[in-house]
Each structure stands twice: as structure tokens, then as C-alpha cells.
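So the structure is just underneath, and the comments pick up after that.
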Amino acid sequence: MTPKRMPGASGCWPRKSRMRAAAAAVSSMPMANVGLRRRLRYYRAFTFRVHTLARTRLRSMAILSVKQALAGSTPKDTPVEIRGWVRTRRDSKAGLSFVNLTDGSCFASLQVVAPATLPNYASEVQKLSAGCSIIARGTLVPSQGKGQAFELQATAIEVPGFVDEPDTYPIQPKQHSPEFLREVAHLRPRTNLFGAVSRVRHTMMTAIHRHLSEQGFVWVNTPLITTSDAEGAGDMFRVSTLDLANPPRDAGGTIDFRRDFFGREAFLTVSGQLNVEAYCLALSKVYTFGPTFRAENSNTPRHLAEFWMCEPELAFADLAADADCAEAFLKAIFKAVLEERADDMAFFAERVQKDAVTRLEKFIAAPFERVDYTDAIAALQKSGQKFEFPVDWGVDLQTEHERWLAETHVGRPVVVMNYPEKIKAFYMRLNDDGKTVAAMDVLAPGIGEIIGGSQREERLDYLDRRMAQFGLDPAHYQWYRDLRRYGTVPHAGFGLGFERLVVYVCGLSNIRDAIPYPRTPGHAEF
RNA sequence: GCCCGAAUAGCUCAGCUGGUUAGAGCACUAGACUGUUAAUCUGGGGGUCGUAGGUUCGAGUCCUACUUCGGGCGCCA
């Protein structure tokens with residue numbers, strides 16, 4: 001009776017048609033002189049589908065996720081096995097207990113009906129508390145109670161792991177504060193909130209890869225370790241194998257990094273953009289998406305020392321094409337979330353932020369507005385609004401300005417383009433007016449800036465001038481300059497801080513809840 | 001890095017202007033009841049009030065320092 005695992009994409013019990021297909025596959029194998037059993041075994045090993053034999057000979061059970069069980073596609077009276085963790089247990093004097101079980105496969109939990117006739121009912125089932133792991137076997141039946149369509153009528157319940165000291169188990173069937181849950185980051189994925197965030201995060205991540213791939217982008221894995229000593233995006237974490245207590249020093253007494261692991265100073269990357277530009281000027285449409293590190297001492301709900309960043313880059317593209325790309329990109333992600341994680345989004349709308357779903361729908365529905373920085377400044381000045389920070393041509397937009405533009409002035413996402421060159425990075429392309437660069441920010445209601453991008457300076461003489469202006473040593477950027485010497489083309493790209501988008505989609509208020517194990521100044525527990 | 005706020009049971013919180021044995025809900029536990037739904041009802045165990053000093057006859061309640069958490073700002077994605 002040992003249950004056999006039944007892999008396969010669907011995971012549901014084999015239908016007759018599928019068995020017929022299996023038989024056909026077996027008979028078509030070029031092994032006429034091989035016995036049926038061996039041919040079957042061959043087929044089984046080949047396809048990883050054990051159920052054909054399992055049903056007739058091993059009498060084992062289909063192993064279903066809670067999601068599959070609740071889908072209701074399992075034929076009646078089919079024995080199934082479902083594994084997970086207990087959320088709640090309710091006993092009934094009618095001679096049964098209700099055990100709510102989750103396995104993370106979907107937002108909902110499965111109600112397991114455990115009759116008092118189970119041999120371990122008193123000894124184990126009635127001792128189940130939140131967090132216990134269980135393996136439940138039985139059949140899926142329409143629920144007699146309200147609140148769920150299906151439930152598992154259990155014939156056996158195994159308990160691989162009870163919860164030690166249930167009275168101090170941190171995860172209770174109630175609302176916990178995010179602050180408290182951060183202290184138990186290893187247990188918080190068991191809560192509704194973090195289960196939902198985890199699934200949505202996954203969906204967003206796969207949606208990004210899927211969308212960009214469909215658009216012809218190639219995922220380029222740019223390095224996490226960099227030796228550029230000034231990428232201009234902030235403080236960096238040093239990567240070194242030198243003995244901190246006794247580093248090698250040169251004659252002058254300064255630390256001799258020539259004797260470090262890479263023969264020079266090395267750091268964790270703050271952006272993959274420069275590296276990915278090189279691949280852009282060969283593969284046309286590329287993106288980098290991976291961990292990024294900033295050693296800034298930033299203590300806010302919007303900053304992490306380690307976060308994930310996605311940076312698409314397009315060759316033969318100007319700023320307008322860049323903005324179009326960013327718009328399609330964001331809409332594809334939100335669309336995927338709404339379609340694939342409706343259950344989790346409904347939870348966010350109910351418990352976290354009322355308009356969690358509607359604002360994504362609005363975001364998708366209308367085209368983004370495009371506005372020039374200069375016009376945006378004029379609109380802000382004419383607004384009559386009192387801003388904490390004064391508005392003047394030449395200043396960077398503060399969050400309050402960005403939100404007014406997106407929420408009040410336009411009422412939907414807006415792309416602000418062509419910022420003063422003085423407030424933007426060295427690699428951004430100088431416009432013909434000589435005082436602005438082809439930079440753009442996508443501003444969204446309720447959050448402010450969510451994407452920043454630019455057309456890159458593809459003219460070497462202009463790039464050199466910009467680098468000198470920023471005090472950067474061209475010697476450190478020879479390979480980057482090469483890209484302008486050998487077949488340069490106009491190109492553009494943008495960057496998305498992935499966790500900030502997760503925060504927005506889920507309606508969270510702190511970025512530390514958008515990543516499983518947040519790293520911030522003073523914090524790298526777990 | 002700067003400014004502000006908070007710290008009372010496992011969790012979420014109450015505790016007024018300092019005054020005898022510190023309260024509630026959830027969780028845990030015992031019982032009642034029930035095809036239950038973060039079930040309900042009754043009882044029980046559990047905290048000396050972040051840490052260290054100080055003021056006072058007396059401090060959870062006032063003061064100081066420290067620690068931790070949170071918020072705002074800066075830096076930014």
C-alpha cells in the first residue's frame with residue numbers, strides 16, 4: 001500500500017484515453033520480442049508515468065496538490081493522497097474533525113474530514129494544531145458544508161511532524177503584523193499573506209521572462225562581481241579574499257589589491273546595464289535580470305541592500321521606442337498576475353489594499369500619457385498645489401511631484417521624458433537642445449516612479465565629454481567606449497526594481513515583505 | 001546618515017493625571033456544544049511591564065542612557 005508518486009504535468013488520475021495512448025505507445029515500440037511487462041516497464045521509465053501499472057498492480061494513490069484537489073477534476077471514488085500543513089482543526093461531536101490543510105499550491109486550503117474511526121484519531125488527529133505536517137489519504141467528495149465545493153473524506157492521516165510547544169508556535173490562524181513576521185522569516189511563508197506574495201512574485205518573475213522572450217529578447221546573465229570602480233549608482237559591497245586583519249600592503253602602506261583574488265579591487269554589481277549594452281549591440285534585444293547590491297545606508301520601506309533588477313536594452317531604438325517597450329512590459333506583468341493569481345489578488349484586495357485589483361485593471365486599460373519634463377514642471381508650477389519641495393526647472397522630481405502628476409494631473413500612468421542633463425547619469429544621450437538628456441521615468445498613481453530608463457549616448461565624443469563632466473576615468477571604461485567605436489547604434493533601455501513592483505502589485509507597505517529574506521543595513525539574519 | 005514615535009502574556013492591544021494581588025481577545029489547556037468554517041460557550045495555566053541606572057514613601061506609569069522595532073527625510077531601483 002505504499003503510495004507511489006505520480007508525477008506528470010497534470011498529476012491527475014489517468015483516464016481511459018490516456019491509458020489507450022500508453023498502450024499505443026508501447027505497441028509501437030520496436031521491441032516485438034520483448035515481453036509485455038518489460039515493454040511496460042520501459043515505457044514507464046521512459047515517460048515517468050507510473051500510474052498505468054500503479055493502478056492495476058500497486059493499488060497506489062494519486063498524489064494531488066490542494067490546487068488540483070479543489071479543481072474538482074478528479075473522478076469520483078478515486079483514492080488520493082494530499083500532503084501539507086495544518087491551518088486549523090475543528091472537532092465535532094458528530095464523530096469527526098475538520099482539518100484545514102494548505103500546501104502553498106494555491107491560496108485556498110483544503111478541508112479534510114477526519115472521522116473518529118481513524119485508528120489514530122484520539123492519539124494524533126485530535127492533537128493536531130497549526131503548523132503540523134500531515135499526509136491525508138481518502139477520496140474527494142462534494143462538501144456537505146458551506147465554504148468549499150470539495151473536501152477530502154479521509155481514510156488515513158499520517159503525521160510526519162507535530163509542532164513542538166503549540167502554545168508558542170508563532171504562526172496562528174489570525175492576522176499578524178508584518179513587523180512581527182519579519183522576525184520569523186523562516187515561518188512567515190506559512191501565512192496567507194506571504195504565501196500569496198510568494199506566488200505572485202513567482203508569477204511576475206515568470207511573466208517577465210515569458211513576455212520578453214515572446215518579444216524576441218535574449219536573457220543575458222551579466223556578472224554579479226564587477227571590477228568597475230565607479231558605476232555611479234551608489235556605494236558597493238567589496239568582494240575580497242584578503243585577510244582583513246592583516247592585508248598585504250604596498251611600499252606606501254596602502255592595501256595592495258593586486259594580491260587580492262581578482263588581482264584588483266572587486267565589488268558586487270549595482271547594475272547590469274553597462275555589461276548588457278555590449279550584448280545589445282550584437283543580439284539587438286536583450287535583458288538582464290538578477291540580484292543587485294547597494295551598500296547604501298538607506299533605512300526606508302523602499303530600499304534593500306540586495307534586490308532583483310530587470311534591465312531590458314534595445315538596439316536601434318530611441319526614447320519613444322523605449323517608453324513603448326516599458327509600457328507593454330508593465331502591462332504584460334499585471335495582466336499575467338490578474339489572470340494567473342486571481343485568488344491571491346482577491347486576498348490582497350480584501351485584506352491589504354482595497355483597490356489592489358481595480359488599479360491594476362485600470363493600469364492595463366488605458367495608454368500611458370507621455371509628457372515632457374519641461375511641460376511637467378510647468379504643470380506643477382501652475383497646479384496651485386503646496387509642495388514641500390519647490391518646483392523649478394532643473395530640479396529632480398520629488399515623490400510628491402511624481403504622485404501629483406500621475407494621480408491628479410493625468411489620472412493614470414505617465415511617462416515623463418527629457419530631463420535636465422545635470423540630474424541624470426553620464427550614459428544618457430544628450431538631446432539637441434544641449435540641456436536635456438533622453439531620459440524617461442514611468443510614474444504610476446499610488447507609487448510614483450516605477451521604471452527609469454534612457455536612450456544611451458551612442459556618440460563617442462559626446463560620451464567622453466559626459467564622463468569628463470562626471471569625473472569618470474575613461475581608462476576604466478575602455479570596453480564600454482569600444483561599443484561606440486565599433487558599429488555604434490542608437491540604443492535605449494530601462495531598469496525595474498523588481499521588489500518595488502511586487503510591493504505595488506500586492507499593495508504592501510514595506511519592501512522587506514516583498515522578498516523572502518530581506519537584506520538591509522544591520523540585517524542579514526536567516 | 002538626520003528627525004520623530006513605540007517597546008506591557010506566544011500574538012494583537014488596554015492600563016486616565018505615579019498608589020494595595022497588571023487586564024482583554026486570539027493561541028494553548030480542560031470541559032460543553034456543533035457538518036464545522038479565523039466556530040461558539042464555560043473554566044484553567046501563562047506576563048513583574050525592552051535593558052541599565054535615577055527621581056519618589058511608592059513607577060508599567062516621570063527622567064537619563066542604551067538596545068530593538070516602526071515612521072518620515074536623504075541616497076536611489
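Predicted model only: the values in this text are computed from it and were never measured.
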- Task: In whole angstrom, give me the gap between the C1' atoms of B:G23 and B:U64.
- Result: 30 Å
- Item | Selection from B:U12, B:C73, B:G35 that lies nearest to any side-chain heavy atom of A:Phe389 | B:C73
- Message: Side-chain N or O of A:Asn299 versus OP1/OP2 of B:C75: is the shortest distance under 4.0 Å?
- Response: no
- Message: Whether A:Arg512 contacts B:G70 is assessed here as follows: a side-chain N or O lying under 4.0 Å from the phosphate OP1 or OP2. Is that the case?
- Response: yes
- Message: Using whole Å, what does the distance between atom C1' of nucleotide B:C11 and atom CG of A:Leu187 come to?
- Response: 13 Å
- Given B:U36, B:C76, B:A32, which nucleotide is nearest the side-chain atoms of A:Arg294? B:C76
- Message: Please determine whether any donor N or O and acceptor N or O are separated by less than 3.5 Å between the side chain of A:Gln148 and the base of B:U37.
- Response: yes
- Note on the structure: Test ring-ring contact (aromatic ring centres under 6.0 Å, His included), reference A:His209, set A:Phe498, A:Phe289, A:Phe217, output is A:Phe289
- Under 3.5 Å, side chain of A:Tyr373 to main-chain N/O of A:Gly394, donor-acceptor pair present? yes
- Using both distances under 3.5 Å as the test, list the Watson-Crick or G-U wobble partner of B:G1, or none. B:C73
- Within the pair A:Thr88 and B:A39, is there a side-chain N or O less than 4.0 Å away from OP1 or OP2? yes
- Query: Salt bridge check: are A:Arg370 and A:Glu327 linked by an N-O gap of less than 4.0 Å?
  - Reply: yes
- Task: Look at the side-chain N and O atoms of A:His523 and state whether any lies under 4.0 Å from the OP1 or OP2 oxygen of B:U68.
- Result: no
- May I ask you to decide if the ring planes of A:Tyr504 and A:Phe334 are parallel, tilted or perpendicular, using 30° and 60° as cut-offs? tilted
- Message: Taking the six-membered ring for Trp, are A:Phe363 and A:Phe368 closer than 6.0 Å centroid to centroid?
- Response: yes
- Within less than 4.0 Å of OP1 or OP2 of B:C75, is there a side-chain N or O belonging to A:Ser298? no
- Closest to the A:Thr300 side chain, choosing from B:G74, B:C76, B:G72: B:G74
- For the pair A:Asp513 and A:Arg188, find out whether any cationic side-chain nitrogen is under 4.0 Å from an anionic carboxylate oxygen. yes
- Note on the structure: Taking B:C11, B:C76, B:G35 as options, the one with an atom nearest any side-chain atom of A:Phe180 is B:C11
- How is A:Gln398 classified with respect to the nucleic acid when contacts are heavy atoms under 4.0 Å: base, sugar-phosphate, or nothing? sugar-phosphate
- Item | Of the listed nucleotides B:U34, B:C28, B:C69, the one nearest the side chain of A:Pro166 | B:C28
- Which part of the nucleic acid, if any, lies within reach of A:Glu499 when heavy atoms closer than 4.0 Å are counted: base, sugar-phosphate only, or nothing? nothing
- Query: Between B:G15 and B:U8, how far is it from one P atom to the other, in whole Å?
  - Reply: 13 Å
- Among the candidates B:C76, B:C11, B:U36, find the nucleotide nearest to the side-chain atoms of A:Gln172. B:C11
- Tell me whether the OP1 or OP2 atom of B:G70 has a side-chain N or O from A:Arg182 closer than 4.0 Å. yes
- Message: Just N and O in the side chain of A:Ser92: are any of them under 4.0 Å from OP1 or OP2 of B:G35?
- Response: yes
- Hey, which of these two, A:Lys127 or A:Thr168, hits RNA chain B nearer its 5' end, going by closest nucleotide? A:Thr168
- Which nucleotide sits closest to the side chain of A:Arg90: B:G1, B:C11, B:A39? B:A39
- Query: Rounding to a whole Å, what distance do you find between A:Asn297:CG and B:G72:P?
  - Reply: 16 Å
- Message: As a test of reading the structure: which of B:U36, B:A39, B:C73 is closest to the side chain of A:Arg302, going by heavy atoms?
- Response: B:C73
